[in-house]
There are 2 protein chains.
Amino acid sequence: MDMHTVEELSKVLKVLGDPTRLAMLKQMETDEQCACSFVDCFDISQPAISRHLKMLRQAGLLLERRDKQWIHYRLNEASPFYPLVMELLGQVELHDPTGTSASTCNVKSS
Amino acid sequence: MDMHTVEELSKVLKVLGDPTRLAMLKQMETDEQCACSFVDCFDISQPAISRHLKMLRQAGLLLERRDKQWIHYRLNEASPFYPLVMELLGQVELHDPTGTSASTCNVKSS
DNA sequence: TTTCTGTATAACGAAATCGTTATATAACGT
DNA sequence: ACGTTATATAACGATTTCGTTATACAGAAA
């Protein structure tokens, strides 16, 4: 098991401690996601989504792949926090992650 | 394994996402701690310590035991987040949790 | 009762957070 | 070139966070 300093770990937990970001990560649990899918899925503006993605990226939790004009994000399996993130996501219920999801959100299937 | 909603989990992660609170929890990992020991251990004021403890209590993570004028806090093993907290604490390095600990902090032993 | 120690709360300020709208940039299609 | 779509950044405001100092409360001891 990898060990972390209090500073490192608390920084990551702070990033995870937002319902929108946590729900975004949940959507990336199994597949990569296009940034635009988050815009459809959450009832916040596209710039707000973009900033959340930036925070997740800066925490080292995400990798991106550009395909034409779309940018696909996925979990960074090489992050020292990847095991932790996966375990947390495993404890997150599906359906309507934030109560803010639009009807097109692919996480809400029930 | 217990499951949590995104809302619940993100709320707890937010509480955990502060270096002082995470270090406080680390000190309670094995033993209960008197509130005053945190005051000695961190370079912030007593009221600041008190507010951090209140947040941890309100998140359901702590239980308290009054003994004369001292209040001893310990992890709430009945919290649905207790297993998660313990696992996180297991990934936290000891020594000088925040870089802010005073020389009397009992966590820094090396 | 007064005093001391331990803890909590009130009131305040600086900085961070998280949303918005407006605008810029990148890549595609016509 | 131009318009459209996808994404990022800038600028701003409301709210939250986290520290402080001052004060209140609780219990012990003189």
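Here the structure is a predicted model, which means the values were calculated and not measured. Worth knowing before you read on, the calculation uses all heavy atoms, side chains too, and leaves out hydrogens, waters and symmetry mates. Chain A is the first sequence line, chain B the second, and so forth, proteins listed ahead of strands; every chain is numbered from 1.
Two residues, A/Arg21 and B/His72, neighbour DNA chain C, and the one matched to the more 5' nucleotide by heavy-atom proximity is B/His72.
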Item to check | CA sep, side-chain torsions, deciding dist, call: A/Leu22, A/Asp18, side chain to side chain contact (heavy atoms under 4.5 Å, CB included) | outcome: CA-CA 6 Å; A/Leu22 194 57; A/Asp18 175 274; over 6 Å; no

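The listed nucleotides are D/dC18, C/dT20, D/dA6; the one nearest the side chain of A/Ser45 is C/dT20. Comparing D/dA6, C/dT7, D/dG19 by their nearest atom to the side chain of B/Trp70 picks out C/dT7. Residue A/Gln46 has its side chain nearest to D/dT7 when only C/dT7, D/dT7, C/dC18 are considered. Closest to the side chain of A/Ile71, from the set D/dG19, C/dA16, D/dT7, is D/dT7. Side-chain atoms of B/Asp18 lie closest to D/dC18 of the nucleotides D/dC18, C/dA22, D/dT20. If you check D/dT5, C/dT7, D/dT20 against the side chain of B/Cys34, the one that comes closest is C/dT7. Picking from C/dT7, C/dT17, D/dT20 the nucleotide with the shortest atom distance to the side chain of B/Ala35 gives C/dT7.
Between B/Ile49 atom CD1 and C/dA8 atom C1' the separation is 13 Å, expressed in whole Å. As rounded to whole Å, 17 Å separates atom P of D/dC18 from atom CZ of B/Phe38. Going from atom NZ of B/Lys11 over to atom P of C/dC18 covers 14 Å, rounded to whole Å. In this entry the distance linking CG of A/Leu53 with C1' of C/dT17 reads 17 Å, nearest Å. Across the protein-nucleic acid pair, B/Lys68 atom NZ and C/dT5 atom P stand 17 Å apart, rounded to whole Å. Straight-line distance from the CG atom of B/Asp67 to the P atom of C/dG6: 13 Å, rounded to whole Å. In this structure, the CD atom of A/Gln58 is 14 Å from the P atom of C/dA16, given to the nearest Å. Going from atom OH of A/Tyr73 over to atom C1' of D/dT7 covers 8 Å, rounded to whole Å.
A salt bridge is defined here as a Lys NZ or Arg NE, NH1 or NH2 lying under 4.0 Å from an Asp or Glu carboxylate O, and A/Glu8 with A/Lys11 fails to meet this definition.
In this structure, B/Ser10 contributes its side chain and B/Glu7 its backbone to a donor-acceptor pair below 3.5 Å.
Listed pair B/Lys54 / C/dT9 meets the phosphate criterion, a side-chain N or O lying under 4.0 Å from OP1 or OP2. An OP1 or OP2 oxygen of C/dA10 is reached within less than 4.0 angstrom by no side-chain nitrogen or oxygen of B/Arg51. At the phosphate of D/dA6, neither OP1 nor OP2 sits under 4.0 Å from any side-chain N or O atom of A/Arg66. Taking 4.0 angstrom as the limit, A/His52 places none of its side-chain polar atoms (N or O) nearer than this to OP1 or OP2 of C/dT17.
Pairing each heavy atom of B/Arg65 with each of B/Arg74, the nearest pair is CB-NH1, 4.0 Å. When all heavy atoms are compared, the tightest approach of A/Gly17 to B/Leu13 is CA-CB, 3.8 Å.
When the options A/Leu75, A/Asp2, A/Leu61 are evaluated for a side-chain contact (heavy atoms from CB on, under 4.5 Å) with A/Tyr82, the one that passes is A/Leu75.
Across all strands, A/Ala48 comes closer than 4.0 Å to base atoms (heavy-atom distances).
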